[in-house]
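Quick notes on the structure that follows.
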Amino acid sequence: MMELFWQYSFVRYAFLAGLLIGFIAPLVGSFVVVRRISIIADALAHVSLSGIALGFLLGSLWPLAGQVRPTYYGLFFAIAASLAIEKLRQTYRHFADLAIPIILSTGVGLGVVLIGLSRGVNIDLLGLLFGNILAVTPADLWRVVILGAVVLSVLALFYKELLAISFDEEAARVAGLPIGFLQALFSAMVAVVVMTAIQLVGILLVSALITIPVAAALRLAKSFRQLLLFSVLLAEMSVLLGLWVSFQLNLATGGTIVLASVLLFLGVLFWTRWREGVMA
Amino acid sequence: MNGAEAVRVEDVSFRYTDRDVLQHVSFSLKVGDMLGLVGPNGSGKSTLLRLMVGLLPLRRGKVYWFGQPLASFRERWRIGYVPQRAGSFMSGFPATVEEVVQMGLVGKAGLLRPLGRQGRERALAALEEVGMADFFRWTIGALSGGQQQRVLIARALVADPDILILDEPTVGVDHEAEERFYDLLHRLHRERSLTIIMVSHDLGVISHHMDTIACLNHELLYFGPSDQFLLRQDEVVEAMYGAGVRVVKPALSSCAGQP
């Protein structure tokens, strides 16, 4: 395995990108999970498909538009969708979960239509849906580094505010926190993480990377700081285990990483149950 | 400071799509007053409270905090808010008691300013004040209802507010915890000269513990000292709950004797 690592640059890029995404995805995922909007990552990933498709279509029509990578169109769509979800959640306060399927369906519908229109354009649909970490270029890696740094900075600067609105939004509102700004900032951050993680595990599996390590960490954490720590550890273990197994057995990398996270989740679940049984 | 106006509500009305919930409600409180806001379920008392703190849009009427209109009142940390304990947000949330109490400092600290060690010390001091310092490291979900209530009071107190607002704080809390809660409330009022506004549906208990009573059933039926409430209680209670309902006498008789 180490030979592969030193011999092939694409393996090194894959590992580095995987570890970086495995760090930021569960950090943002922890806030997503405690705010009970786990499914949002799924919706944003699907919406980004329509953005990417639009990017390809515009690129085929006007070479100038093709100068911007389709991924950035996806990012723009994901940010717009995340803001729309927050707005819909406010409008349908008692049915806040409705916002996500509405946006998800819109994204998929638009994506399918745009892909249909882009006939003749070479879109790596399988790579988009299931991820293609082995195709990570140095430019991609830099993008992950920069976006990761942005996400980490925002989290560090607004940690106490994001925690307060996640725990009790009403009390935060009474305390005079700028709720609208914080929610928009958080939504944009989720969109950035989703777009970054798509390269690793693909549109269909991106929400797994954001939520499954957090779900496992929830069983172990006694504080929010512990939740962040444990979810990052579990996500990094999933990435390393997934990459290693997928190289050894020649399996699809994105899927193997997600299955590794599920395996760790089940391990934590059984271990905590066993421990509760012993303590009882 | 005592004698200055803490809050003034001026001709506040509120309408949900098909019905009037509040009609022309006006009153004012001075610093150090203890107001019990009572009314039956659906009378609009929680709506009034939510309008006062900006959780609902104030379309008709005005609210002033310490002389400033609600919309331009920036020192929000002066209002300590304790929501109904029954809020489902606490069950299963992975936060320690310390983390929860520190959240009360976020508004006062301002954006981009970490709470640091001082935040930790202030959280511990607030927890000591409500008798929960030993539970500093506990997960909030592992506490009993009464204990969670105290932690939320500590969160409201940690920013050193001038006014404490409590929305039905004793719902679902056992009798012993309720007694301890009122002891704490009186001590805070005495030691910190806190102005207190408490929403409840329990007229008997409220009139026993608070010095000012506001009876609400869409409109303000009574506003004044609790000891004078006795003189008008039959008329007010009938307007609030309908004919045939009476407040159990012993509770009110004892309240009439309270200073």
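Everything numeric here is computed off the predicted structure, so don't read it as measured data. Here is the naming used below: chain letters follow the sequence lines, and residue numbers restart at 1 for every chain.
- B:Phe66 and B:Tyr64 have their aromatic ring centers separated by at least 6.0 angstrom.
- Interface residue A:Leu227: only side-chain heavy atoms are found under 4.5 Å from chain B.
- Nearest heavy atoms, A:Met195 versus A:Ala78: CG-CB, 4.3 Å.
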Distance-only donor-acceptor hits, side chain of residues 153-162 of chain A, under 3.5 Å, sequence neighbours excluded:
{"from": "A:Ser153", "atom 1": "OG", "to": "A:Ala149", "atom 2": "O", "distance (Å)": "2.6"}
{"from": "A:Lys160", "atom 1": "NZ", "to": "B:Gly110", "atom 2": "O", "distance (Å)": "2.9"}
{"from": "A:Lys160", "atom 1": "NZ", "to": "B:Arg113", "atom 2": "O", "distance (Å)": "2.8"}

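- Scanning residues 173-189 of chain A against chain B with a 4.5 Å non-hydrogen threshold yields A:Arg173, A:Val174, A:Ala175, A:Gly176, A:Leu177, A:Pro178, sorted by number.
- One finds no salt bridge joining A:Glu169 and A:Arg36 here, because no Lys/Arg side-chain nitrogen approaches an Asp/Glu carboxylate oxygen to under 4.0 Å.
- Taking a 6.0 Å sphere around CZ of B:Arg15, one finds it holds more than 12 heavy atoms contributed by other residues, nucleotides or ligands.
- When all heavy atoms of B:Asp20 and B:His218 are compared, the pair lying nearest together is O-ND1, 3.8 Å.
- Contact check on B:Arg155 versus A:Asp168 returns a salt bridge, with a Lys/Arg side-chain nitrogen under 4.0 Å from an Asp/Glu carboxylate oxygen.
- Residues of residues 126-141 of chain B that come closer than 4.5 Å to chain A, counting heavy atoms only, are B:Thr139, B:Ile140, ordered by residue number.
- Each of B:Gln102, B:Glu98, B:Arg50 has some count of heavy-atom pairs under 4.5 Å with chain A, and the biggest count is that of B:Arg50.
- Using a 4.5 Å heavy-atom cut-off against chain A, no residue of residues 42-49 of chain B qualifies as contacting.
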